[in-house]
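Below is one structure; the comments refer to it alone.
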Amino acid sequence: MADVEPGSKREAPTTTPEQPNNRRNKKKKNKWKNRKEFLDDKNRPNKKPKVDPATVGVRGDWEPITKSNEQFEMYYQALGLFPGDEWDSFMSTMRSDLPATFRVVNSKGDSIPLNNIMKEQHFSKLKGVMIEGKPCPLPENISWYPGGLAWQLDMSRPMLRHSEELFSLHQFIVSEVERGSIARQEAVSMIPPLVLDVKPHHTVLDMCAAPGSKTLQLLEALHADGPHPSGLVIANDGDNKRCYMLVTQTKRFNSLAFMITNEDATRFPNVKVFDDKGSLVSLKYDRILCDVPCTGDGTLRKNYAIWKKWQQAQAIGIHKLQRRILLRGMDMLAEGGRIVYSTCSLNPIENEATVLSALRDRPDFRLVPSDGFLPQLKRRPGITTWKVMHNNGTWYEKFEDITNPKHLKSIAPTMFPTDAEKHNLQHCMRVYPHDQNTGGFFICVIERKETPAESTPDGAEIAADEKNGEAKALGPFSDNFHKNTNVLVDKMTWKTYHGYKEDPYFFLNPDADCFKVLKEWYQLSDSFPFGNIFARSKVGETAKQRNLSVACSRLRDIIQQNENKIKIINCGLRLFSYCKEAFSKCPYRLLQEGAHFTSDFMGAKIFEVSLEDMIKVLGPDTGVAKHTLKPDLLEKVNDLPTGIILFYLPASGNVPAIYSCVYCTDGGVKAYITEDEKNHFRLILGQEPLMTKRELKKLEAMETHRKKKIETAARIALEKIALEKENEESKNVETTEKEAEAAPEV
């Protein structure tokens, strides 16, 4: 290195042999020579204390949660929402635990018999049951929910989960939830989809769908008239991880008119479809559910952490996001369509202020009176006057009153009730916890009066080349439509996404090799929608397709025209899955989730069975020998090669038709369905459910917990006895010493 004069910008560092100028040699000296010494050191930082094996699995004496927040109480008292003695009733309800609620899914054909089974076999057994020295509360029917299919149990979900007395009821609910026949959902969360009034022909968008309980209600309404509606539901969520939670929640419904997307709701892209003239136009929605993110202070009864975290600044900070989501939804609504805006918050900044500002910006919308919705639901009208509070406690009645520059940065003019009397905010619905022992919620229904000019967010418009002659030449759907579309897709640019990058959707040719095999094995009719079958693959038709799914024609249109502009997480209904040759002679096995759809097109490998044979097949996993079946069924299945077939029990009375995939071998047959599906069918047919692996595991855990609890109680009792004995001995010693001191000296 060249010498550098002192005082220059770059001066040579001075080094000595004792302190070399080399960062690699500057190693931090630790007092531990190796990892064993580090682990054995009791005084090392972040050392975890040893756990007493006797206390593992035993619930500890945790400090009680402080259910109070000074700013929360001061804010809502100042708003005057609960006058007089009502404030005490409101706060006492907010500090109590939220009851457990669930409902029976109403579009699988077996909701009424399942509801009756639940009342006769489970609810009736709770009479006289004592839990922790108190009578067990009986489930109550939620009066305002249609059909009497929703229930409320006045105990918290943790108590329902851990109580030994309620083990049978809890396991029944869990099993039916896994099967998709029961949905666990908060009572007030059921309101928005009901007032949205979805019909089977509607095009529906759920803008902030995860975790999916409301989306499931939308699907129920869409399929109210049967499994093949003319409408569809698109469920969107901006969080990639929550989208997969949404997949888990909704896949149990098995709909071919359903799609999940992962997009920012404030900039949801314009979905392009063909109109009657063959031109690409933006899709308009008949119904939109806008259940936006919020502070969640209406959920204090179950989300205890909010008691500690709640601040007014949260509502001020999220108001702009809520407003942008609502405005984007209003722009995508069709003429005469309906949008429902809802939050689980009681704050007018998140509720009436957001709705009012959106109505001022969109004069072609109006609020729908809520009096006719759910007559037995106790609700309060929306408020028309309120003040805005900054997080430091400063109140403002008008935006013009703000003089503090820092407050002007956070508080917006859209938060104030300007011209509130012109927009009928009293048509909104406020649900308070102390009215019907629920959580807090806000709901309003907005309708579009006329068709406004189309509004498109930045980056949402489909590429210009889709609008030119090449795209228009494709025209409406035809048998080879997907071939032309693949050419068009190649010219598009992939959008950059956050999270996992999904495999593309590839619609198969009707003459694909896999269809030839399926036609031969299942004798699929010519009316089977081969043009709507797709697979997820990066290499297209050249690879072995692991799963074959079906989508309705409208979804096929949307996927083919928008796949590279919208991130699609999941779509359609799975029908077939690839399997090994040793498992079946046919390389694709029939899936239970799509059996109700495929059965309409099967000419072979589907057999009508008697009630006795169906009950036999739905028995234990050991299977049923073929010779034990009835002669007419034995004659049909005796010489079948190894593979999946379908057993069908016709509907009878209140019992719906039952389809069960069956694995047929040379020696016997066995139901090839999940344990929960099997137990559900057994209940519907009047049979006792079988013990599942989940129930066995739960029973073992409860028994282990009970033993540890007894051992811990015994250990504490022994320690108490030893301590009492030690204290008694020390008292005897003290008494002896005092007597010796008091005795006269000889």
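Remember, it's a predicted structure, so these values are computed and weren't measured experimentally.
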Of Glu176, Met118, Gln185, the residue whose pairing with Phe102 passes side-chain contact (heavy atoms from CB on, under 4.5 Å): Met118
Residue pair Ile644 / Tyr663, side-chain heavy-atom distance below 4.5 Å: yes
Sidechain-backbone polar pair: Arg242 side chain, Ala210 backbone, donor-acceptor under 3.5 Å: yes
Lys678 NZ/CZ over Tyr672 ring centroid, <6.0 Å and within 45° of normal: no
Pairs meeting criterion salt bridge (charged side-chain N to carboxylate O under 4.0 Å, His left out) with involvement of residues 626-635, two or more places apart: Glu612-Lys630
Within 6.0 Å of NZ in Lys698, more than 12 heavy atoms from elsewhere: yes
Stacked cation flag Arg536 on Tyr505, 6.0 angstrom / 45 deg: yes
Lys/Arg-Asp/Glu bridge criterion (N-O < 4.0 Å) met for Arg694, Asp676: yes
Residue pair Asn236, Asp206: steps toward the side chain to side chain contact (heavy atoms under 4.5 Å, CB included) verdict: CA-CA 6 Å; Asn236 175 73; Asp206 191 352; over 6 Å; no
Non-hydrogen side-chain atoms of Leu283 and Arg554 separated by less than 4.5 Å: yes
Residue pair Glu120, Lys125: steps toward the salt bridge (charged side-chain N to carboxylate O under 4.0 Å, His left out) verdict: CA-CA 8 Å; Glu120 296 169 2; Lys125 296 180 181 179; over 6 Å; no
Heavy-atom check, side chain of Phe172 versus side chain of Ile182, under 4.5 Å: yes
Distance, nearest 0.5 Å, that separates NZ of Lys199 from CG of Leu222: 12.0 Å
side-chain contact (heavy atoms from CB on, under 4.5 Å) partner of Leu377, chosen from Val195, Ile191, Thr438: Ile191
Close aromatic pair by centroid cut-off 6.0 Å: Phe576 and Tyr588: no
Approximate separation, where rounding is to 0.5 Å, of Gln687 CD and Phe681 CZ: 14.0 Å
Atom CD of Glu520: over 12 foreign heavy atoms under 6.0 Å: no
Within-4.5 Å side-chain heavy-atom neighbours: Gln217 and Val198: no
Distance, nearest 0.5 Å, that separates CE of Met190 from OG of Ser213: 8.5 Å
